[in-house]
Amino acid sequence: MPELPEVEVVRRGVSRWAAGRTVTDVEVLDARSTRRHDGGPVAFADALTGMTLAAPERRGKYLWIPLTGPEGSGTLAVVVHLGMSGQLLVNAPSDPDPKHLRIRIGLHAEQGEEPRELRFVDQRIFGGMFLAPLIPATDHPEQSLPAPVAHVARDPLDPWFEPEAVHQRLVRRRTGLKRALLDQTLVSGIGNIYADEALWQARLHFDRPTGTLDRTDTVGVLEAVTAVMAKALEQGGTSFDSLYVNVNGESGYFSRSLKVYGLAGQPCQRCGGPIVREKFMNRSSHFCPRCQRRQ
DNA sequence: AAGTAATCCTGATCGC
DNA sequence: TGCGATCAGGATTACT
């Protein structure tokens, strides 16, 4: 389940292996993967073909690659969301098609090098790709982002991330803390796994009413989020030596450091009490009832 | 207006 | 062995 660190790993991989290349052809193998593109798969393929990929950018779990072309530069981007099971791969065209390949983007051979393919693979089709115009960010107009991503808040690894502003908005909410952490318009990049991990780190209960949090609580949990994400990035974003960009939520390349997620019944590493799993928002919350009291 | 539920998806796993 | 039910959950949409 790709969250911010996994998406950042993909961004770096795309930057290393696909940026600067020109799109030769586009094949949409499953139209559902371009459902968010106005005009559908054919319009998507037509508009993307012939464009050159600039350096990829990211906010939260959204990744986008600005496009340059004959009809204007930096006004359009191809936006990617991995959803639950999405992967972006850079392959040699001769590599066999993986199962669940949804979109194939052919990349022109560059200065003596071989052609490549940018591949979108997605088993469950919650993710997708679409083209969107780039617009100035409202808070920092020198920065641009795709229009459909404008509602997404800055993530904890963003240089312009403001914990104080998040605190102010968070305490005004009348909801539970984890609900708020998962709300991408409040703070982005956090999914179920890192929410549980950060809450354990900060010793806060997932359903703690946001109105009862003080500045120390909020900053504490945001710092925990940042720390957990930075650690995951350290472990997952190591090497791009080979021509293969991958993110796979199931691979669990940082699962070794998880403290609560998926560990129901296991002893808490802090107090030894059993980790509990509870139903929450059609999914589950993992926490230590002894370390993480509601009040 | 803001908070919450429904919806989209496939494959692994489970109980009978 | 088979088969329906359950679970995994991010983000948008449609409600209340």
Side-chain angles (χ1 to χ4, degrees), chain A residues 1-10 28-38 40-41 58-64 79-88 97-103 120-130 132 145-156 166 168-199 206-213 225 229 232 247-252 255 258 260-265 277-287:
Chain A
M1 292 133 282
E3 299 181 27
L4 184 152
E6 293 88 335
V7 180
E8 175 59 17
V9 168
V10 172
V28 179
L29 292 98
D30 193 314
R32 293 173 296 181
S33 292
T34 54
R35 65 163 71 113
R36 291 187 67 186
H37 183 82
D38 296 329
R58 182 191 55 73
R59 175 180 286 198
K61 303 170 198 172
Y62 276 94
L63 173 75
W64 67 90
V79 185
V80 187
H81 198 292
L82 299 174
M84 286 294 300
S85 53
Q87 294 172 267
L88 262 190
D97 286 359
K99 201 173 180 183
H100 309 307
L101 176 64
R102 309 299 186 192
I103 301 171
F120 182 72
V121 181
D122 189 13
Q123 182 214 116
R124 287 157 72 182
I125 324 185
F126 275 39
M129 297 180 96
F130 56 94
L145 74 173
V149 182
H151 69 286
V152 176
R154 292 185 182 275
D155 61 64
V166 176
Q168 294 298 334
R169 294 187 56 202
L170 192 122
V171 294
R172 280 175 177 77
R173 291 285 178 93
R174 287 297 172 263
T175 187
L177 176 54
K178 186 173 170 182
R179 269 198 155 81
L181 291 177
L182 294 176
D183 183 345
Q184 305 297 305
T185 67
L186 201 54
V187 49
S188 70
I190 306 172
N192 203 38
I193 298 175
Y194 292 124
D196 283 1
E197 293 298 312
L199 287 166
F206 70 90
D207 206 21
R208 171 79 175 269
T210 48
T212 68
L213 295 165
V225 167
M229 284 181 171
V247 70
N248 183 347
E250 332 292 340
S251 73
S255 61
L258 294 180
V260 284
Y261 184 82
L263 298 176
R277 176 176 140 183
E278 215 168 276
K279 290 259 173 207
F280 170 79
M281 282 175 83
N282 258 333
R283 55 197 73 172
S284 50
S285 265
H286 309 75
F287 68 108

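A note on names: the letters A, B, ... follow the listed sequences, proteins ahead of strands, and every chain is numbered from 1. This structure is a prediction, so every number in the text was calculated from the model and none was measured.
- Across the protein-nucleic acid pair, A:Arg283 atom CZ and C:dA11 atom C1' stand 9 Å apart, rounded to whole Å.
- In this structure, A:Gln123 places its CD atom 15 Å from C1' of C:dG10, rounding to the nearest Å.
- You'll find that the side chain of A:Lys279 is closest to C:dC7, out of B:dT10, B:dC8, C:dC7.
- A:Phe280 comes within contact range of no nucleotide atom at all, as no heavy-atom separation falls under 4.0 Å.
- Nearest-nucleotide assignment on DNA chain B puts the 5′-proximal partner with A:Arg173, out of A:Arg173 and A:Phe126.
- Under 4.0 angstrom from either OP1 or OP2 of C:dA8 there lies at least one side-chain N or O belonging to A:Arg277.
- If you take CG of A:Leu63 and P of C:dG10, they are 17 Å apart, rounded to a whole angstrom.
- The pair A:Lys61-A:Asp155 does not meet the salt-bridge criterion, since no charged nitrogen lies less than 4.0 angstrom from a carboxylate oxygen.
- Contact annotation: A:Arg124 does not reach the phosphate of B:dC8 (side-chain N/O to OP1 or OP2, under 4.0 Å).
- Around the CG atom of A:Asp97, the shell of radius 6.0 Å holds more than 12 heavy atoms that belong to other residues, nucleotides or ligands.
- Distances shorter than 4.0 Å separate none of the side-chain N or O atoms of A:Ser85 from OP1 or OP2 on C:dG9.
- The distance from atom OG of A:Ser285 to atom CG of A:Asp207, rounded to the nearest 0.5 Å, is 8.0 Å.
- Atom CD1 in A:Ile193 sits roughly 12 Å away from atom C1' in C:dG10 (whole-Å rounding).
- Contact between the side-chain N/O atoms of A:Asn192 and the OP1/OP2 oxygens of C:dG9 is found at a separation under 4.0 Å.
- Under 4.0 angstrom from either OP1 or OP2 of B:dC8 there lies no side-chain N or O belonging to A:Arg35.
- Taking only side-chain nitrogens and oxygens, A:His100 comes nearer than 4.0 Å to OP1 or OP2 of B:dG11.
- A straight line from CG of A:Asn282 to P of B:dT7 spans 11 Å, rounded to a whole angstrom.
- Counting only heavy atoms from C-beta outward, the side chains of A:Arg169 and A:Asp183 never approach each other to under 4.5 Å.
- Of the side-chain N and O atoms in A:Tyr62, one or more sit less than 4.0 angstrom from OP1 or OP2 of C:dT12.
- Atom CE in A:Met281 sits about 13 Å away from atom C1' in C:dT12, given to the nearest Å.
- Side-chain nitrogen and oxygen atoms of A:Gln184 include at least one within less than 4.0 Å of the OP1 or OP2 phosphate oxygen of C:dA11.
- Following rounding to the nearest Å, A:Asp155 (CG) and C:dA11 (P) show an atom-to-atom distance of 12 Å.
- Distance CE (A:Met84) to P (B:dA12): 15 Å, rounded to an integer number of Å.
- Paired with A:His286 under the rule ring-ring contact (aromatic ring centres under 6.0 Å, His included), one option of A:Tyr261, A:Phe206, A:Tyr194 passes, and it is A:Tyr261.
- Between A:Lys99 and B:dT10 there is no side-chain polar atom (N or O) within less than 4.0 angstrom of OP1 or OP2.
- For the OP1/OP2 pair of C:dA11 and a distance below 4.0 Å, the side-chain nitrogens and oxygens of A:Arg36 include no atom meeting the criterion.
- When the side-chain nitrogen and oxygen atoms of A:Tyr261 are compared with OP1 and OP2 of C:dG9, one or more of them lie within a distance under 4.0 Å.
- Once rounded to the nearest 0.5 Å, the distance linking NZ of A:Lys178 with CE of A:Met281 reads 8.5 Å.
- Of the side-chain N and O atoms in A:His81, none sit less than 4.0 angstrom from OP1 or OP2 of C:dT12.
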